[in-house]
Amino acid sequence: MRFAPSPTGYLHIGSARTALYNWLMAKKEKGLFLLRIEDTDRSRYVPEAMTDIMENLRWLGLDWDEGPEAGGPAGPYYQSERVEIYRRHAEDLVVQGKAYYCFCSPERLEELRRSGYGYDGHCRELSAERCREYFEEGKEAVIRFKMPREGKITVRDYLRGEILFDLQTLDDFVLLKSDGFPTYHLAVVVDDHLMAITHVLRGDEWIASTPRHILLYKAFGWEPPVFIHLPVLLAPDGKGKLSKRHGSTSLREYREQGYLPEAVNNFLLLLGWHPPDDREVVTMEEAAAVFSPERINTAPVAFSLEKLNWLNGVYIRRLAPEDLAARVLPFLQKDGLLPDPCPPERFAYLVRIIPLVQERLRLLSEIGEQTAYFFQEEIPAPSPELLVGKKSSASETRDLLAAALKVLEGVADFSAANVEETLRGLAAELGKKPGLLFMPLRVAITGRTATPGLFETMEAIGKPRVLRRIRAALSGLA
RNA sequence: GGCCCCAUCGUCUAGAGGUUCAGGACACCACCCUCUCAAGGUGGAGACACGGGUUCGAUUCCCGUUGGGGCUACCA
């Protein structure tokens with residue numbers, strides 16, 4: 001199995017799915033997974049793309065057995081370093097009469113394209129003599145594949161069965177460009193063969209080019225691999241291909257938004273594939289044990305984030321507090337709530353806070369807004385509107401807070417259980433519903449109406465800060 | 001335009017001719033739990049694109065229509 005991205009941009013979420021499926025299949029079948037870089041288009045080459053692709057594949061845990069930085073017997077794994085190999089193969093085909101030099105000008109080709117048909121075979125029967133003359137004149141040439149002119153070719157797709165193509169609809173495509181670099185078609189066939197790829201699992205935008213590839217395998221006298229074409233990813237509205245217009249398409253953006261690689265993998269896995277049972281939460285280990293290409297769907301898939309958000313929550317809840325703390329730390333540092341580097345005692349406090357917010361967190365990036373009041377010495381004074389509930393009045397709220405302040409001052413053991421007991425006792429004593437007392441306290445202490453359990457929160461914040469915040473709220477009401 | 005692929009709840013999907021008044025998950029709604037918010041529990045609403053065949057019987061097979069998508073480069 002292999003994943004063969006082109007370094008023309010950041011790792012796309014759809015490419016990541018392709019990589020994942022390839023990786024899973026390699027694991028399942030105890031085969032090898034290799035990474036090959038298809039950098040044969042110098043004009044579209046983006047230098048940062050390479051590091052982004054490798055970094056994010058690793059982030060997902062999709063390690064490659066062979067490829068850049070890993071090496072391997074079939075290297076090099078950058079196509080730009082293999083141009084000699086492609087040139088040799090292309091020239092072999094010319095010698096065998098299965099391909100030919102073409103000297104047509106870009107202008108002529110442009111006109112041809114406008115006519116709606118492919119290349120017309122203008123240079124197909126050029127004599128060797130003529131070619132030499134052209135070369136001596138310094139003309140640039142490409143090598144084109146000599147397509148059989150009639151008949152049909154059947155492409156066997158693992159999921160779709162046989163697909164018939166009329167050879168008349170296929171033109172003499174370019175194998176080797178005038179700059180000496182191969183086209184995708186040549187490079188992919190040569191490399192997949194030389195690298196002993198048995199299953200080509202790629203996006204279904206390649207179906208239309210597969211007949212060319214099969215013909216190339218035949219021309220070289222090679223056995224074609226099994227072709228498995230994945231359905232395309234559609235925009236969330238199901239209309240049109242997934243593109244930047246519809247939100248994030250690069251994996252790095254998801255990472256930056258606070259998605260867990262576990263969740264992204266699980267989500268991508270379910271986008272076109274499903275396990276034999278009804279499970280939705282499937283870890284990589286589980287998937288690697290049961291992945292089978294028969295269960296891949298053929299219909300286009302809308303890329304909707306709802307399930308990813310849910311899965312992210314699921315995986316966040318599964319994390320050990322220390323683990324989640326470590327993952328959330330960079331986000332808190334970015335928000336300026338914890339220093340970088342983070343001293344051990346501050347980190348320990350974070351770990352202590354984690355259980356309070358763990359089941360409320362959907363994205364790691366939400367950590368700051370959900371926990372700021374734990375880390376801050378003082379919080380911005382909550383507005384009276386927030387402090388005074390809809391069912392209460394300013395004077396009642398003031399009385400309640402004052403009463404709470406008084407009893408809390410006397411609490412020596414500021415544990416959640418003890419605080420709860422004290423405050424419930426107070427509410428009963430005042431003949432008030434507990435919620436009526438708890439809400440203004442919550443707002444006074446945290447500045448918000450939605451928080452983790454009040455008493456756990458108070459314990460974590462500690463008596464001095466709690467009392468100070470209640471006093472501050474009280475003075476704000478005066 | 002030509003060639004090709006695809007078509008079950010809003011979304012991801014189960015289903016491989018009858019045992020399905022079509023099952024699960026996300027999202028949505030209601031209720032329960034409850035100090036708020038979550039999480040969790042229970043329940044609810046929600047789909048076989050359409051038209052022809054084939055068949056005793058079609059969501060399942062065939063054809064067409066419609067819709068969506070891809071390819072049609074010296075890009076991958």
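Order of the sequence lines sets the chain letters (A, B, ...), proteins ahead of strands, with each chain counted from 1.
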Any donor-acceptor N/O pair under 3.5 Å between B/rC6 base and A/T298 side chain: no

Check ion pair A/R327-A/E262 (N to O, under 4.0 angstrom): yes

Who pairs with B/rG18 - Watson-Crick or G-U, where each distance is under 3.5 Å: B/rC56

Sugar-phosphate, base or nothing in reach of A/F165, heavy atoms under 4.0 Å: sugar-phosphate

Residue pair A/D41 / A/Y184, side-chain donor-acceptor N/O under 3.5 Å: no

Over-ring placement of A/R318 relative to A/Y315, 6.0 Å and 45° cut-offs: yes

Rounded distance in Å - CZ (A/R295) to P (B/rA14): 7 Å

Touch class at under 4.0 angstrom, heavy-atom based, for A/V188 against every strand present: nothing

Pairwise P distance, B/rG10 and B/rG46 [rounded to whole Å]: 11 Å

Sugar-phosphate only, base, or nothing, as touched by A/G203 at under 4.0 Å among non-hydrogen atoms: nothing

ring-ring contact (aromatic ring centres under 6.0 Å, His included) evaluation trace for A/W64 with A/F3: CA-CA 9 Å; A/W64 48 99; A/F3 174 56; 9.3 Å; no

Lys/Arg-Asp/Glu bridge criterion (N-O < 4.0 Å) met for A/R108, A/E111: no

Chi angles and distances behind the salt bridge (charged side-chain N to carboxylate O under 4.0 Å, His left out) call for A/E91, A/R88: CA-CA 5 Å; A/E91 284 173 353; A/R88 221 172 51 230; over 6 Å; no

Touch class at under 4.0 angstrom, heavy-atom based, for A/R448 against every strand present: nothing

Under 3.5 Å on both distances, the Watson-Crick or G-U partner of B/rC71: B/rG2

Sugar-phosphate, base or nothing in reach of A/L270, heavy atoms under 4.0 Å: sugar-phosphate

Counterpart base for B/rC28, defined by Watson-Crick or G-U wobble contacts under 3.5 Å: B/rG44

Close approaches to RNA chain B from residues 260-269 of chain A, in residue order (heavy atom, under 4.0 Å): none

No-H, no-angle donor-acceptor pair, A/R160 side chain to B/rC5 base, under 3.5 Å: no

P gap between B/rU65 and B/rA47, integer Å: 28 Å

Protein-nucleotide distance (A/K307, atom NZ; B/rG10, atom C1'), rounded to Å: 13 Å

B/rC71 and B/rU55, which share atom name C1', separated by this distance in whole Å: 38 Å

Atom-pair distance (CH2 on A/W206; P on B/rC3), nearest Å: 22 Å

Worked verdict on A/Y119 versus A/F145 for ring-ring contact (aromatic ring centres under 6.0 Å, His included): CA-CA 11 Å; A/Y119 183 66; A/F145 185 68; over 10 Å; no

Sugar-phosphate, base or nothing in reach of A/L423, heavy atoms under 4.0 Å: nothing

Parallel, tilted or perpendicular, as decided by the 30° and 60° cut-offs, for the rings of A/Y134 and A/F103: tilted

Identity of whatever pairs with B/rC50 - Watson-Crick or G-U, under 3.5 angstrom: B/rG64

Sugar-phosphate, base or nothing in reach of A/P7, heavy atoms under 4.0 Å: nothing

Salt bridge (charged side-chain N to carboxylate O under 4.0 Å, His left out) assessment of A/R279 paired with A/D277: CA-CA 6 Å; A/R279 262 182 314 163; A/D277 51 29; 3.2 Å; yes

A/F267/A/Y259 under ring-ring contact (aromatic ring centres under 6.0 Å, His included): CA gap, chis, key distance, verdict: CA-CA 11 Å; A/F267 175 64; A/Y259 287 100; 8.6 Å; no

Distance between P atoms of B/rC62 and B/rG17 (Å, rounded): 12 Å

Sugar-phosphate only, base, or nothing, as touched by A/V174 at under 4.0 Å among non-hydrogen atoms: sugar-phosphate

Nucleic acid contacts of residues 224-233 of chain A, taken as heavy-atom distances under 4.0 Å to RNA chain B: A/V232

Mutual orientation of the aromatic rings belonging to A/F227 and A/H213 [parallel < 30°, tilted 30-60°, perpendicular > 60°]: tilted

Which nucleotide in B/rG10, B/rU36, B/rC12 has an atom nearest any side-chain atom of A/R360: B/rU36

Sugar-phosphate, base or nothing in reach of A/P452, heavy atoms under 4.0 Å: base

Pair of N/O donor and acceptor under 3.5 Å linking B/rG69 base with A/E205 side chain: no

A/K152 and A/E162: CA distance, side-chain angles, deciding distance, salt bridge (charged side-chain N to carboxylate O under 4.0 Å, His left out) verdict: CA-CA 12 Å; A/K152 294 186 186 304; A/E162 294 191 342; over 6 Å; no

Sugar-phosphate, base or nothing in reach of A/T40, heavy atoms under 4.0 Å: sugar-phosphate

Sugar-phosphate, base or nothing in reach of A/E38, heavy atoms under 4.0 Å: sugar-phosphate

Intermediate values then yes/no, side-chain contact (heavy atoms from CB on, under 4.5 Å), A/L305 and A/Y254: CA-CA 11 Å; A/L305 254 26; A/Y254 289 90; 4.0 Å; yes

Whole-Å P distance, B/rG70 and B/rA30: 39 Å

Touch class at under 4.0 angstrom, heavy-atom based, for A/D166 against every strand present: nothing

Salt-bridge criterion met for A/R36 and A/D192 (N-O under 4.0 Å): yes

Residue-level proximity of residues 309-321 of chain A to RNA chain B when a heavy atom falls under 4.0 Å: A/W310, A/R317

